[in-house]
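Worksheet: one structure, shown below.
Only a predicted model underlies this, so the values are computations on that prediction, with no experimental measurement involved.
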Amino acid sequence: MLINGERVPGANLDRSFFVDRIPAELIERVEVVRSSSANRSGDAVAGAINIVLRDALSLDGGYIRLGALHWEDSEYGQWGGTYGAVWGGQVGPGRLLIGGNIQDRRNPKQKFSERYSEPGGELTDTEAQTDTRDGTDYSANLSYEMPVAGGNLELSGVFVRTDRVQDESSIEYDEGDVNDVAKVNANPLDILTDNWAVNSRYEREMLGGETTFKLGYASIDDEQFEQEEELDVGDEVIEGERTRTNVTDEEIQAAIEHKIKLGGELELEFGVQYSKKNRDSTVFSAEAEAEDEPVFRALLDSEYGDFEAVDGGINSIEETRIDPYIMLSGENGPAKWEAGLRYETTDFSITDETVAAADRTNDKDYGILLPSASVRFKLSDSDRITASVARTVRRPNFDFLSPALLEGEYGDNDFIGNPDLEPETAWGADLGFERRLGRRGVIGVNAFYRDIKDLIEITNTGAFSEQAQDDYDDAIDDGATPDEAAEELVSYVLTAENVGDGQVWGVEFDLSTPLDFIGMEHTGVFVNYSWLDSSVDDFLGERRFNSQSDYVFNVGFTQDIPTWGAAFGATYRKQGDAKSRIVGEEVVTSYGGDLEIFIEKQVASNVVIRFTGSNLLDSSKDEVFDKFNTIADQIDRDYDEFEIESENAGPVFQLVARMAF
């Protein structure tokens, strides 16, 4: 994911950035970048999405947006608002763009699970769960461009605050009997995250070409407070845990880049890009327990013990990257091409204060050479072929590298990191054909292939989790035989490993065009279909990559009515099943179709009102879990548990007025 062609630091463990935190007013366009280039980060195994933001030169004037949102998750529904304003114009010697946005968000999910002894077997229990995520995002941005000392200076800054509550609650019933409650659980989570970044960019002619200097700083502060309390009705015990989490992440990025014309259409570009990340995490928890409690209640502050650091809860990460590159590009008749080399060096260190001193610090240094080449060949004024080949890289998630044991990290399963993980690398090739249809239409097909080395996936160590071992010991203490107690051994210790080599390939079809060639110039249609497949070997043989859908489909239309100053349209999305398999568990996830419509009307020369309805089919995500105690049981299909879970969130409606000035 790129913003203005640059890699964006993110707060998440996989370095990702939540792009839905970027207000729509700031976005000028979104580009799909299929081929890698030496002057961009190589973290793009599947290609890249580049979000191009408005700059100080892109707007002269401004607009205000006011809107209301409605979610149908209660008798009277829930309401929220969306407010935004942007202005751009001449200020002093340069151009200024300034904006702000407030956006209410809500995602009210309902989940229902049925658990059986095996497929078609006895129903053992059911669980009804609500999972509501309710919050507000605040953002502000500024961009200023002006001429300085014979060059052009651009200064920009952005601030995003997310204030959100995630409230989960559930009730489990023995054998699906609503009169036989087994467990009651409440799990609220408060989140406050501040992201801000400042960047500078200076370009000027010098040294026989054009030189660019870049310097940026990004900071993330994430505070979370989670409380989970659960009543075991049979034992009349309420257990509670409170967790305080704070993550601070600072990253400095800098670059020097130079372009030189070598004559004709030949251009040489070279430079070096630098980034320094420092990330500190603290996680503390406190526990409580109340006995002889037949009815669920909230535990008191006085019943909780002192907060103590959890395993892996106090750690710091330092990551330094120095990435030099060189790239040659040119144009020969109908062909435009580029070829380059990029060498990415990474110096990584993670220090965990909660493990033994001998294992406290783990360092890893590596360098990866990333060649890339691409060509665009113009067959005619309407037809073009594109081809590219490149080597790319994917670095491990931060939590995958920590050696600490994290209890209950994946459902009931524990997780322990692997400091010896190697980054994934991939050789990839893309081949595409594109044809222009009239003045505004385009149709294309693109085929891709990736040969991935050192694929990173979550695997099962085969060891049982702390909770499973405690439940086993409790069953023995209560007089159960070892075979009877073994029924409690249902969760494991997971880890991350380089599982070997794999391949992924597919074909994507795109069509986006107005229907003016059949006399419907005010009607536009678009279709996108991607077919995906992959192959990797695991303990049971060949399979697809975990959690990869076999297809993704989008289709829609827009209809303008100029005489009414109105427009309307619809989009339908669907993706295929995704399968996942590790030791002890297999999951098939199915996704329902999503329908979105909009109606837009111009009510004055500078005012437009737009109504949008999303998730109108109230689509669900359905998951089927096959669970086993051992690899032998998994091979023999001797089930420990078979679970069916369904989740849906309901439709969302939005009414927005936009006034330009």
Side-chain angles (χ1 to χ4, degrees), residues 110-117 122-132 165-190 224-245 283-311 313 405-414 464-492 640-641 643 645:
Q110 304 287 330
K111 299 180 183 179
F112 185 74
S113 299
E114 296 176 313
R115 302 184 181 100
Y116 300 83
S117 58
E122 177 186 357
L123 179 65
T124 57
D125 69 84
T126 60
E127 180 179 7
Q129 181 180 10
T130 62
D131 181 359
T132 302
V165 175
Q166 297 181 184
D167 192 358
E168 296 184 55
S169 61
S170 66
I171 302 177
E172 292 186 36
Y173 305 93
D174 276 337
E175 299 180 354
D177 185 352
V178 295
N179 297 311
D180 191 0
V181 177
K183 292 181 180 180
V184 180
N185 181 281
N187 183 197
L189 169 62
D190 292 318
Q224 300 187 14
F225 178 77
E226 182 174 12
Q227 178 170 295
E228 183 172 11
E229 296 176 339
E230 183 173 271
L231 166 68
D232 188 314
V233 176
D235 295 336
E236 296 188 350
V237 173
I238 301 176
E239 294 182 332
E241 182 177 20
R242 292 176 173 176
T243 304
R244 296 185 184 275
T245 302
V283 184
F284 291 86
S285 69
E287 297 182 348
E289 182 175 293
E291 299 181 349
D292 301 322
E293 299 282 351
V295 179
F296 182 82
R297 67 171 177 85
L299 297 173
L300 304 175
D301 291 346
S302 59
E303 295 178 278
Y304 278 89
D306 295 333
F307 278 93
E308 298 179 354
V310 304
D311 290 341
L405 177 69
L406 307 179
E407 294 185 24
E409 185 71 3
Y410 289 86
D412 295 329
N413 299 300
D414 298 344
F464 294 109
S465 70
E466 294 282 348
Q467 185 62 55
Q469 294 180 48
D470 289 344
D471 291 343
Y472 177 88
D473 293 339
D474 290 343
I476 293 293
D477 293 340
D478 291 339
T481 67
D483 287 342
E484 293 171 337
E487 297 179 359
E488 304 294 334
L489 300 175
V490 295
S491 55
Y492 299 88
D640 173 68
E641 184 176 79
E643 179 179 359
E645 179 181 281

From [X] atom [atom1] to [Y] atom [atom2], the distance as rounded to the nearest 0.5 Å:
X      : Y      : atom1 : atom2 : result
Thr481 : Ile476 : OG1   : CD1   : 7.0 Å
Arg244 : Asp190 : CZ    : CG    : 10.0 Å
Gln129 : Gln110 : CD    : CD    : 9.5 Å
Asn187 : Thr130 : CG    : OG1   : 10.5 Å
Gln224 : Leu189 : CD    : CG    : 5.0 Å
Glu122 : Arg115 : CD    : CZ    : 15.0 Å

(message) Could you walk me through whether Glu241 and Glu239 satisfy the side chain to side chain contact (heavy atoms under 4.5 Å, CB included) test, starting with their C-alpha distance in whole Å, then the side-chain angles of each, then the deciding distance to 0.1 Å, before giving a yes or no?
(response) CA-CA 7 Å; Glu241 182 177 20; Glu239 294 182 332; over 6 Å; no
Search all heavy atoms of [X] against all heavy atoms of [Y] and return the closest pair with its distance.
X      : Y      : answer
Gly176 : Thr126 : CA-OG1, 3.5 Å
Ala475 : Glu488 : CB-CG, 4.3 Å
Phe296 : Glu229 : CE1-O, 3.6 Å
Ala309 : Phe284 : N-CD2, 3.3 Å
Ile238 : Val295 : CD1-O, 3.9 Å
Glu466 : Asp414 : N-OD2, 2.8 Å

(request) Please test Glu114 against Leu123 for side chain to side chain contact (heavy atoms under 4.5 Å, CB included), starting from the C-alpha separation and ending with a verdict. (result) CA-CA 7 Å; Glu114 296 176 313; Leu123 179 65; 4.2 Å; yes
(message) Under the criterion side chain to side chain contact (heavy atoms under 4.5 Å, CB included), I'd like the reasoning laid out for Ser170 against Glu168: C-alpha separation, chi angles, the key distance, then a yes or no.
(response) CA-CA 7 Å; Ser170 66; Glu168 296 184 55; over 6 Å; no
(request) Carefully, step by step, assess Arg242 and Leu299 under the rule side chain to side chain contact (heavy atoms under 4.5 Å, CB included). (result) CA-CA 11 Å; Arg242 292 176 173 176; Leu299 297 173; 6.0 Å; no
(message) Lys183 vs Glu127, test: salt bridge (Lys or Arg N to Asp or Glu O under 4.0 Å). Steps then yes/no.
(response) CA-CA 9 Å; Lys183 292 181 180 180; Glu127 180 179 7; over 6 Å; no
(message) Just checking Gln469: does its CD atom have more than 12 heavy atoms from other residues, nucleotides or ligands closer to it than 6.0 angstrom?
(response) yes
(request) For Asp478, look at atom CG and say whether over 12 heavy atoms of other residues, nucleotides or ligands are found less than 6.0 Å away. (result) yes
(request) Take Ser113 and Glu645, measure what side-chain hydrogen bond (donor to acceptor under 3.5 Å, both in side chains) needs, and give me the verdict at the end. (result) CA-CA 4 Å; Ser113 299; Glu645 179 181 281; 3.2 Å; yes
(message) Please evaluate residues Thr124 and Ser117 with respect to the criterion side-chain hydrogen bond (donor to acceptor under 3.5 Å, both in side chains), reporting the C-alpha separation (whole Å), side-chain torsions for both, the decisive distance (0.1 Å), and the verdict.
(response) CA-CA 7 Å; Thr124 57; Ser117 58; over 6 Å; no
(message) With heavy-atom distances below 4.5 Å as the criterion, would you say the side chains of Tyr173 and Val181 are in contact?
(response) yes
(message) Is the shortest side-chain heavy-atom distance between Phe225 and Pro188 below 4.5 Å?
(response) no
(message) According to side-chain hydrogen bond (donor to acceptor under 3.5 Å, both in side chains), who are the partners of Arg297, at least two apart in sequence or on a separate chain?
(response) Glu293, Glu303
(request) Only counting residues at least two apart or in another chain, list the ones meeting side-chain hydrogen bond (donor to acceptor under 3.5 Å, both in side chains) with Gln467. (result) Asp471
